[in-house]
Amino acid sequence: MKILVIDDDPTICQLLEKVVEDNGWESTIALNGLEGLDALKKGTFDLVFLDLNLPYKSGDTLLTELRKFSDTPVIVISAKELISTKVDLLKLGADDYVTKPFDIDELTARAEAVLRRQGSINNEEHIILKHNELTMNLEEKKVTLNNHLVQLTNKEFLILELLLKHPNKVFSKQNIFESVWKETYYDDGHTVNVHINSLRAKLSKADPDQDYIQTLWNVGYRLVKS
C-alpha cells in the first residue's frame, strides 16, 4: 500500500509517516504543492494525505488539478474547522476530511475505510492476518501456527489481533488494556502481563524456535519483526 503525504510541516510529516509505517504501508513525502502534484503525475498511490495551506500550490488547487487526471483517494488533513470548508473540499473530490490536531487511531480507521471503499484493501486481506507462519482468521476466530491450531482465550485473541493489525507499533500496557478490555487503565500492568505470558507460551508450544512477541522494557510490546 503506497501513501503520499503532502504537508509542509516536518513534524506532521513524521507523525503521518509513523501512521503509515505502523500499518505496514509505504510512505512518500512531499513538502509543498508542486512536489505533491509532480509525485502524483509520476507515481501511483493508493491514498493521499493532503494539507491545505501548502507553499507554491494550495491543497484545494492541487486537488482540483488532480481530479482532472486521477481518482486516487484523498483525505484532507487541515486545521480549518468550518463546515463550509469541509463541504467545499468534498465537492472538489476529497474522500474524507480530518481536522488537526487529529487522533492517530481515528485517522487510521478513516484511511482503512477509504481504502476499502476503493477496493485497495479487499475483504480477504481484512479477514486474514498473517505474520511469518502465524495466521489469524478474524471471521472464524481461528489462529494457526505451523499449520497447528492454537487455542486462545478471547482476550488473548484480541491482544494478538491488535499486534497483527499494527505490526510495527509498540503498544504500552495501557494501550493494550484500554484497546482490549475497553476500560480505563487503573491496573499496575499485572493483568496484561498474565495474558501476554499465556499467549507467548501457547505460541511457543506451536513454534519453539521462533519468538513472536517482543518486550521493550519500560515501553511495551510489539510483534517481533520478520
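In what follows, residues are counted from 1 in the order of the sequence shown. All of these numbers come straight from a predicted model, not from anything done at the bench.
Although no hydrogens or angles enter the test, the distance criterion places a donor-acceptor pair under 3.5 Å between the side chain of N197 and the main chain of N193. Looking at H131, its side chain does come within 3.5 Å of a backbone N or O of V224 through a donor-acceptor pair. Judged by distance alone, the side chain of T215 and the main-chain N or O of W217 form no donor-acceptor pair under 3.5 Å. In this structure, N146 contributes its side chain and H148 its backbone to no donor-acceptor pair below 3.5 Å. Side-chain atoms of N175 come within 3.5 Å of backbone atoms of S172 as a donor-acceptor pair (strictly under, hydrogens ignored). Side-chain atoms of N32 never come within 3.5 Å of backbone atoms of P55 as a donor-acceptor pair (strictly under, hydrogens ignored). Remark: the backbone N or O of Y212 is not paired with any side-chain donor or acceptor of R200 at under 3.5 angstrom. Side chain of N132 to main chain of L134: no donor-acceptor pair is present (N/O by atom type, distance under 3.5 Å, no hydrogens or angles).
I213 and F171 fall within a single hydrophobic cluster, where Ile, Leu, Val, Met, Phe, Trp and Tyr are joined by side-chain heavy atoms under 4.5 Å apart, directly or via other members. Hydrophobic clustering places L129 together with V180 (ILVMFWY residues linked when any side-chain heavy atoms are closer than 4.5 Å, directly or through intermediates). Clustering ILVMFWY residues whenever any of their side-chain heavy atoms sit less than 4.5 angstrom apart, transitively, puts V143 in the very cluster that holds Y221. Hydrophobic clustering, with ILVMFWY side chains joined whenever heavy atoms are under 4.5 angstrom apart, groups L223 together with V150. Note on L31 and L66: separate hydrophobic clusters, where clusters join Ile, Leu, Val, Met, Phe, Trp and Tyr whose side-chain heavy atoms are under 4.5 Å apart, directly or indirectly.
Looking at heavy atoms from C-beta onward, L107 lies in side-chain contact with L16 at the 4.5 angstrom threshold. Looking only at side-chain heavy atoms (C-beta outward), L203 and L145 come within less than 4.5 Å of each other. You'll find the side chain of V87 stays beyond 4.5 Å of the side chain of Y97, heavy atoms only. Residues I104 and L15 are in side-chain contact: their nearest non-hydrogen atoms beyond the backbone lie under 4.5 Å apart.
Open room surrounds CG on N147; 12 or fewer heavy atoms of other groups in view lie less than 6.0 Å from it. Residue K205 places its NZ atom among 12 or fewer non-hydrogen atoms of other residues, nucleotides or ligands, all under 6.0 Å distant. More than 12 heavy atoms of other residues, nucleotides or ligands shown are found within 6.0 angstrom of NZ on K18.
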Inset, instruction - Would you please test V98 and F49 for side chain to side chain contact (heavy atoms under 4.5 Å, CB included) and show each step? - result: CA-CA 10 Å; V98 176; F49 289 140; over 6 Å; no
Inset, instruction - Could you check K130 against L164 for side chain to side chain contact (heavy atoms under 4.5 Å, CB included), going step by step and ending with a plain yes or no? - result: CA-CA 7 Å; K130 292 185 178 182; L164 286 170; over 6 Å; no
Inset, instruction - Start with the C-alpha gap between T28 and F45, add the side-chain angles, then the distance that decides, and say whether side chain to side chain contact (heavy atoms under 4.5 Å, CB included) holds. - result: CA-CA 9 Å; T28 298; F45 298 94; 3.7 Å; yes
Legend entry - side chain to side chain donor-acceptor pair (under 3.5 Å) between S58 and T61, intermediate numbers included: CA-CA 5 Å; S58 66; T61 300; 2.9 Å; yes
Inset, instruction - Given side chain to side chain contact (heavy atoms under 4.5 Å, CB included), test I77 with L52 step by step and report yes or no. - result: CA-CA 7 Å; I77 304 175; L52 291 182; over 6 Å; no
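In this structure, CD1 on I75 lies 7.5 Å from CG on D95, to the nearest 0.5 angstrom. Considering CG of D211 and OG of S204, their distance stands at 7.0 Å, rounded to 0.5 Å. Of the inter-residue distances, the one linking L34 atom CG with Y56 atom OH reads 8.0 Å to the nearest 0.5 angstrom. Taking OG from S27 and CG from L4, the interatomic distance works out to 9.5 Å, rounded to the nearest 0.5 Å. Rounding to the nearest 0.5 Å places CG of D60 at 9.0 Å from CG of D88. A distance of 12.0 Å separates CD of E35 from CG of L40, quoted to the nearest 0.5 Å.
By the salt bridge (Lys or Arg N to Asp or Glu O under 4.0 Å) test, K57 pairs with E65, sequence neighbours left out. Judged as a side-chain contact (heavy atoms from CB on, under 4.5 Å), and not counting sequence neighbours, the contacts of L216 are V170, Q214, V219, R222. When the salt bridge (Lys or Arg N to Asp or Glu O under 4.0 Å) test is applied to E106, the partners found at least two apart in sequence or on another chain are R110. With sequence neighbours left out, F177 forms a ring-ring contact (aromatic ring centres under 6.0 Å, His included) with W181, Y185. With sequence neighbours left out, the salt bridge (Lys or Arg N to Asp or Glu O under 4.0 Å) criterion links D8 to no other residue.
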Side-chain polar contacts of residues 151-163 - donor-acceptor pairs under 3.5 angstrom, sequence neighbours left out - could you list them?
from : atom 1 : to   : atom 2 : distance (Å)
T153 : OG1    : E156 : N      : 3.2
T153 : OG1    : E156 : OE1    : 3.4
E156 : OE1    : T153 : N      : 3.0
E156 : OE1    : K202 : NZ     : 2.8
E156 : OE2    : S198 : OG     : 2.6
E161 : OE2    : K165 : NZ     : 3.0

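Here the options are L37, V48, L50, the test is side-chain contact (heavy atoms from CB on, under 4.5 Å), and the partner is L63; only L50 passes.
L47 approaches A111 most closely through the heavy-atom pair CD2-CB, 3.7 Å.
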